[in-house]
Visitor: 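Quick one: this structure, given as structure tokens, is what I'll be asking you about.
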Amino acid sequence: MRILVPAAVLGLSLLSVAGLSAPVAIALPDDPTEFVDVPGGPAAEAINNNCRACHSASMVLTQPRLTRSEWTAEVVKMRHVYKAPVDPADDAAIIDWLMAMSEGRGPAPAG
Amino acid sequence: MLSRRHLLAAVAALPGARALAQDTVDLGLPGGPSKRRLTDDFPGKRGMILQRNTPALLETPLTAFNDGIITPNDRFFVRWHWPFPTEIDPARFRLRVDGHVARPLDLTLAALKRLPPVEITAINQCSGNSRGLFAPRIAGAQWAHGAMGNARWTGVRLRDVLDRAGVRAGAVQVRFSGLDAPVMDDAPDFQKSLAVDHARDGEVMIAWAMNGEPLPILNGFPLRLVVPGWFSTYWVKMLDRIEVLDKPDDNYWMAKAYLVPDTPDGGIPPGTKDFPKRPISTMVPRAFITSIAEGARLPVAPTPVGGIAMGGDSGVARVEVSGDGGTTWAAAKLGPDAGKYSFRRFDAVIAPARGPTTLMARCTNSAGTVQPMTGIWNPGGYLRGQVETTNVTFV
């Protein structure tokens, strides 16, 4: 953890009295977690290349078991709504990996 | 020599002890994955459930709510849609107020703090709090119950700021945005709007302090909107722009996201297509047992059951507790009233029978709304409000 300006120094009274204060800064932890190949299944290259620029791998790895149409909708939403530069040619590889990753997470969802 | 297990128990028993980096919690999400790491890695935060590193999603463990009705800043949940600045110079910061106003403003923090200060204790709860517990499960941040917190907010009335700018006739909404910004330039910036009458109701405020301290950067330094009784999506962090609109806001985050079915309880049968929707708004009553953990084994004896309750958009009028899975209920004793938008402590004592049972707490708010026993479902995983359960065994 690194705090350039400790919270204690920025006490409310000091802020109020001074009106202004020094810049406040924090350093966020790195997250090097990569997606890994599913043993005997799809490779993680496509999802690593397309899906970690905007969010950590944990956003995907914490998801429940989803249907192919639900995973597809997520990929399409990332591209169309959030403008993620996901190459449509990679969609199949990404979605195959997502399906294989989330298999075995509870009962298969309906639909 | 202490085993790791004993060491963990010893550390956990110390008041204010730091969670060890490798501690994990099981959130009990049906079908999983349910295990999460507890992290101390985020500046100014400790013992948080790591849902996502980037952009940060940090959840408060339910046990933290047993310590008091105020959630300490270092345990307060964190949720960002987009990357946000990690360094802010308060001297150079400006809050811009413009749009359909007589006098556009560029307010320094010092100028803002010359307006009459106000304080309110209010719960800030994510629209998707408890999403991970819905069945069928729903894609999105997989929160258990800890995407909420209760703080004493200090700041100024939004109305006072709008009055300085002079809202012009014909204004319909007020839009808020902060310093967070999309990764891709053409993606939708996070912006939320309130009706102009709501914005001017004297309760909605611009806060610069939380529990007597400047807002942590992770919770929106230097300013965030506080919208008492409404879900957190409207509590815009790092607020730097207020825009008065003369027509309804059609930006993505109002028109397409954070919508709930336009039904009385916001629920709809799973799989329903093409139904009317409305922007999510006010919270609903909830109660959480925080003194006893899921799966606990307890001796057969009179047993204290305590926790926190919220009324949603009104106060907590009554909390009842059941020690037999909802067959019988007894009124809990309510703790001090910190205002209708605050958590309220409840405590009861149950006389359990031997064997497995389900503990429950049920809140009735001051508008007379009672938590239902059965939950709703909607495709956003929003508005969960049914009576929650804690399964235990008395031995």
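Every chain is numbered from 1 and lettered A, B, ... according to where its sequence line falls, protein lines coming before strand lines. Source: prediction; values computed, not measured. Any value given below was found using the heavy atoms of this structure, including those in side chains, with hydrogens, waters and symmetry copies removed.
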Visitor: In Å and rounded to the nearest 0.5 Å, what is the CG to OG distance from L57(B) to S58(A)?
Guide: 7.5 Å
Visitor: Heavy atoms only: give me the nearest S56(A)-N53(B) pair and the separation to one decimal.
Guide: OG-CB, 3.2 Å
Visitor: If you count heavy-atom pairs under 4.5 Å with chain A, which of N73(B), T54(B), L29(B), L50(B) comes out on top?
Guide: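 Highest number of heavy-atom pairs under 4.5 Å: T54(B).
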Visitor: Within a 6.0 Å radius of atom CG on D186(B), are there more than 12 heavy atoms belonging to other residues, nucleotides or ligands?
Guide: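 More than 12 within 6.0 Å, yes.
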Visitor: Is it true that, when you exclude E119(B) itself, more than 12 heavy atoms of the residues, nucleotides or ligands shown sit nearer than 6.0 Å to its CD?
Guide: yes
Visitor: What part of P136(B) gets within 4.5 angstrom of chain A, counting heavy atoms only: side chain, backbone, both, or neither?
Guide: neither
Visitor: To the nearest 0.5 Å, how far apart are CE in M184(B) and CE in M78(A)?
Guide: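 If we round to the nearest 0.5 Å, M184(B):CE and M78(A):CE are 14.0 Å apart.
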Visitor: Hey, does the side chain of Q63(A) reach the backbone of G140(B) with a donor-acceptor pair shorter than 3.5 angstrom?
Guide: yes
Visitor: What's the verdict on side-chain contact (heavy atoms from CB on, under 4.5 Å) for L28(A) and F84(B), showing C-alpha distance, side-chain angles and the deciding distance?
Guide: CA-CA 11 Å; L28(A) 295 174; F84(B) 53 91; 3.9 Å; yes
Visitor: Hey, could you give me the NZ/CD1 distance between K45(B) and I26(A), rounded to the nearest 0.5 Å?
Guide: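 Taking NZ in K45(B) and CD1 in I26(A), the distance rounds to 9.5 Å.
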Visitor: How close do P55(B) and C54(A) get, heavy atom to heavy atom, and via which atoms?
Guide: CD-O, 3.4 Å
Visitor: Work out which heavy atom in A139(B) is nearest to a heavy atom in L66(A); give both atom names and the distance.
Guide: CB-CD1, 3.9 Å
Visitor: Any idea how Y82(A) and W253(B) line up, ring-wise: parallel (<30°), tilted (30 to 60°), or perpendicular (>60°)?
Guide: parallel
Visitor: Does any non-hydrogen side-chain atom of K83(A) lie less than 4.5 Å from one of P182(B)?
Guide: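 SC-SC contact between P182(B) and K83(A) ruled out.
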Visitor: Which residues, numbered in order, of residues 29-40 of chain A come under 4.5 angstrom of chain B by heavy-atom distance?
Guide: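 Hits under 4.5 Å: P29(A), D30(A), D31(A).
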Visitor: Which heavy atom of A22(A) sits nearest to which heavy atom of P90(B), and what is that distance?
Guide: O-CD, 3.3 Å
Visitor: What part of R36(B) gets within 4.5 angstrom of chain A, counting heavy atoms only: side chain, backbone, both, or neither?
Guide: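 Answer is side chain: those atoms of R36(B) sit under 4.5 Å from chain A.
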Visitor: Could you tell me which portion of F134(B) (side chain, backbone, both or neither) has an atom closer than 4.5 angstrom to a non-hydrogen atom of chain A?
Guide: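 It is neither, since no heavy atom gets under 4.5 Å.
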Visitor: At a 4.5 Å cut-off on heavy atoms, which part of I138(B) comes close to chain A: side chain, backbone, both, or neither?
Guide: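 For I138(B), the contact with chain A is made by the backbone alone.
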Visitor: Heavy atoms, side chains only, cut-off 4.5 Å: are R65(A) and R137(B) in contact?
Guide: no
